[in-house]
Amino acid sequence: MSLFLVNRYLGEEDDGSTLKESRSQALLAKLQQKAKERQKKSLTEQTEHQHEEQTELQDVKKKRKADEDSVQEPQRNKKRKSKVVALHSSDADNHDEPAEEKQKKKKGANEKQKKKKKDKSGSSAEVVSNTPVSGGDAPEDTVGEEQAETEKDSPKQSSQKTSAPTGFTVLGGFESKPVQKVHRVLPQWLAEPDVIHRDIKSNLVPICDISGLSAQLLKKLHNNGIEHFFPVQAEVIPAILESAQQGLLIGRGGYKPRDICVSAPTGSGKTLSFVIPVIQVLMERAVCEVRALAVLPTKELAQQVYKVFTSYAEGTALKVVMLAGQKSFATEQASLSDYRGGVRRSVADIVVATPGRLVDHINKNSGLCLEQLRFLIIDEADRMIDSMHQSWLSQVVNAVYGSGSGSDAMSMFRRTEPAYITAASLSPPQMPLQKLLFSATLTQNPEKLQQLCLHQPRLFSSIHSHSNTTAAAPTHKQDRFDFPQGLTEYYVPCTLSKKPLLILHFILRMKLSPVLCFTNSRDTAHRLYLLVQLFGGIQVAEFSSRLSPGERKKTLKSFEQGKIQLLISTDAAARGIDISGVKCVVNYDAPQYIRTYIHRVGRTARAGKAGLAFTFLLRVQEKNFLQMVVDAGSPGIQKQMVKPENLRSLEVRYEQTLQELADVIKDEKR
Ligand SMILES: Nc1ncnc2c1ncn2[C@@H]1O[C@H](COP(=O)(O)OP(=O)(O)OP(=O)(O)O)[C@@H](O)[C@H]1O
């Protein structure tokens, strides 16, 4: 005999499907019976409630009539009418619903009603609003009366209401409404800029017509072959000079000077428009401090601007320093300050820097003191905004206002970062930091510009105000820009395999050199360079991050001197690089972005001269690329076909070169 009996659940007994079936049938029968009982119950409840509701409704009606008699308030009447019509229409809505749905709604409403009664909190108005939902059985005479009244008042309205079953404005309904176009509204300073003439040649201003420039500077300009200012210079130089008319400490009328933004085409002379006034203002300084800082995105550009600054600072007491990593950190550090009598003193007035190297000097406390900074120049500003993730600007601002928090509270020149302008914030006067922004493709996106924390900015632009507001109308997707007047744009339909032949044809047959040719990657640039070199007969060089900064500098110099017929480059040379004598730009690879296109083609047709730009386009690229260029405001891009027979004479040699190239690349990889 067993002491314990252990019962275990062993899952469904597998005694055949018949048992399972009989069980499920029994379950189904049970459920059906329950449902029937529920239906019956609800029907009886319903009739009871309908009766109750009718009596309640009549009460409400009586009460309301009494109210109406006493207070003849038309506004209230209107509300009630619409309510009743709405109730009626919601009832009409219900006709379309399936019977089951109706039943459910009725039941739900009944339950609600019950609850309300229990709580004794339901107002008469609530009862009215609930009534039709509970079955659409509102007393016919009430609705009919109200509807008749409404019809009398406004037949049009009533017809609308009968045709549209819903009297309510359905929130979140499914009615399709035409989507309203969102029109771009620019802040006034962006929408209405100070206009710069586009045509350089016919709007030259003699240098002596600009007041405020010293005889020394005028002489310097003259010596450099500049007798006239370009339109952008004629507008911007006086504006910067005016902002510093009262000295470095305060702006016009004692106010902080406005920041200045300049959007003018490539090659229009933006560099001199900040170099000349900054030199002019700083020439009169007594103590050497870093008062101007120009930030540029690449070493090459920094080098170029540094050259212009040094050229115009020559013969003055001003010292220009470059922090772009061209020299060692220690050498750069030594050029910033020295020790005299145990005190560190600045020996730099103007600093030209790349953002990375600049931040290095700020963080490593290398002797770069920005506490007396008056001008912050941001060239290629749109590109610099894109590199804002490096937080270089906030580091510069911290370096400018860093010691204003009280370490030297007695100092008259103590600086605090300006917040809102109040009488208190303007006193005592402090050296203002004025930002000067320059670009050929300055963004009109206020959100992006906001990152620069501009103070009452003033925009100088060659894009006219009317086009600023309507410009984006066709697409609303991209900004519009100005193209140099002397530029003629072409696109060349081609296939991938014909591209190298085309470039050879341009130089050997069309004699278009010197050509600056852009590719989208440094590998493409390198292969094309090798191919052209192997083909022979063309002075060719490449320019990309494959080369050291020193090699790049040399290459640019040789190109400028005319020793190179074809310079194949990545976008490293697309922005700002000023190489005189570039007759032709070729986009071997079509650029992806309009800004890249504008800067690339802007390496020719500079300073009012003529220039050609060709873009090789594959069939699949044509539509989108041409649309992008037209939307950006290009005056027109023409089609240039190159007949296959024109390339035939080059083909045999080209095929041989391809084989040689394969070997060279193999060797390189090894
Ligand atoms: N007033 C002038 N007279 C003659 N040449 C000038 C004058 N101003 C500038 N230039 C020349 O025009 C060329 C283009 O100037 P700059 O490089 O300043 O153009 P940019 O507007 O900065 O172009 P990008 O947008 O491509 O940087 C330079 O070679 C410069 O020496």
Side-chain angles (χ1 to χ4, degrees), residues 196-210 213 217-218 220-238 261-279 294-298 300-312 352 377-384 436-443 460-463 481-487 516 518 556 559-560 569 571-583 585 595-611 613:
I196 298 167
H197 291 292
R198 295 177 62 207
D199 188 356
I200 292 178
K201 278 184 185 165
S202 47
N203 290 289
L204 295 170
V205 176
I207 50 171
C208 46
D209 282 10
I210 302 291
L213 294 179
L217 211 46
L218 288 174
K220 193 102 220 159
L221 282 162
H222 178 76
N223 290 345
N224 287 347
I226 291 174
E227 301 294 342
H228 295 89
F229 281 131
F230 288 170
V232 66
Q233 296 157 354
E235 293 289 335
V236 177
I237 293 172
C261 302
V262 180
S263 176
T266 49
S268 61
K270 293 185 287 294
T271 314
L272 275 190
S273 66
F274 61 81
V275 167
I276 297 295
V278 165
I279 298 273
V295 190
L296 296 111
T298 63
E300 285 74 25
L301 281 181
Q303 172 79 39
Q304 196 174 288
V305 169
Y306 169 76
K307 250 176 145 179
V308 182
F309 262 122
T310 26
S311 148
Y312 286 92
V352 182
I377 302 143
I378 307 176
D379 203 359
E380 305 296 341
D382 56 317
R383 166 93 182 268
M384 298 303 288
L436 312 173
L437 273 67
F438 296 83
S439 179
T441 51
L442 192 71
T443 178
F460 291 87
S461 173
S462 51
I463 301 173
F481 305 106
D482 218 352
F483 290 65
Q485 288 245 306
L487 180 72
L516 180 54
F518 288 102
L556 281 184
F559 188 53
E560 198 158 12
S569 172
D571 284 324
R575 262 190 194 252
I577 298 290
D578 182 51
I579 308 162
S580 58
V582 177
K583 272 191 205 161
V585 167
R595 282 166 205 268
T596 316
Y597 176 75
I598 289 171
H599 287 283
R600 280 183 182 183
V601 299
R603 295 316 99 207
T604 186
R606 297 176 72 74
K609 291 186 192 133

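Atoms within each ligand, like the ligands themselves, are counted from 1 in listed order.
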Given Asp578, Val308, Ile276, Val232, the one that forms side-chain contact (heavy atoms from CB on, under 4.5 Å) with Thr271 = Val308
Between ligand 1 and the protein, give all atom pairs where both partners are nitrogen or oxygen and the distance is under 3.5 Å, as lines of names plus distance to 0.1 Å.
| unit_1 | atom_1 | unit_2 | atom_2 | d |
| --- | --- | --- | --- | --- |
| ligand 1 | 1 (N) | His228 | O | 2.7 |
| ligand 1 | 1 (N) | Gln233 | OE1 | 3.1 |
| ligand 1 | 8 (N) | Gln233 | NE2 | 2.8 |
| ligand 1 | 17 (O) | Arg606 | NH2 | 3.1 |
| ligand 1 | 18 (O) | Lys270 | N | 3.4 |
| ligand 1 | 18 (O) | Thr271 | N | 3.0 |
| ligand 1 | 18 (O) | Thr271 | OG1 | 2.7 |
| ligand 1 | 19 (O) | Gly269 | N | 3.3 |
| ligand 1 | 19 (O) | Arg606 | NH2 | 3.4 |
| ligand 1 | 21 (O) | Ser268 | N | 3.1 |
| ligand 1 | 21 (O) | Gly269 | N | 3.1 |
| ligand 1 | 21 (O) | Lys270 | N | 3.1 |
| ligand 1 | 21 (O) | Lys270 | NZ | 2.8 |
| ligand 1 | 22 (O) | Thr271 | OG1 | 3.4 |
| ligand 1 | 23 (O) | Gly267 | N | 2.8 |
| ligand 1 | 23 (O) | Arg606 | NH2 | 3.1 |
| ligand 1 | 25 (O) | Lys270 | NZ | 2.7 |
| ligand 1 | 26 (O) | Arg603 | NH1 | 3.1 |
| ligand 1 | 26 (O) | Arg603 | NH2 | 3.0 |
| ligand 1 | 26 (O) | Arg606 | NH1 | 2.8 |
| ligand 1 | 26 (O) | Arg606 | NH2 | 3.3 |
| ligand 1 | 29 (O) | Asp578 | OD1 | 3.3 |
| ligand 1 | 29 (O) | Asp578 | OD2 | 2.5 |

Of all pairs that satisfy salt bridge (charged side-chain N to carboxylate O under 4.0 Å, His left out), the ones with a partner from residues 268-279, not counting sequence neighbours | none
Point-to-point distance, once rounded to the nearest 0.5 Å, from CZ of Phe229 to CD1 of Ile237 = 4.0 Å
Nearest 0.5 Å, what's the OH-CG distance between Tyr312 and Asn223?
-> 9.0 Å
Rounded to the nearest 0.5 Å, how far apart are CG of Asp382 and CZ of Phe438?
-> 13.5 Å
Do the non-hydrogen side-chain atoms of Arg575 and Ser439 ever get within less than 4.5 Å of each other?
-> yes
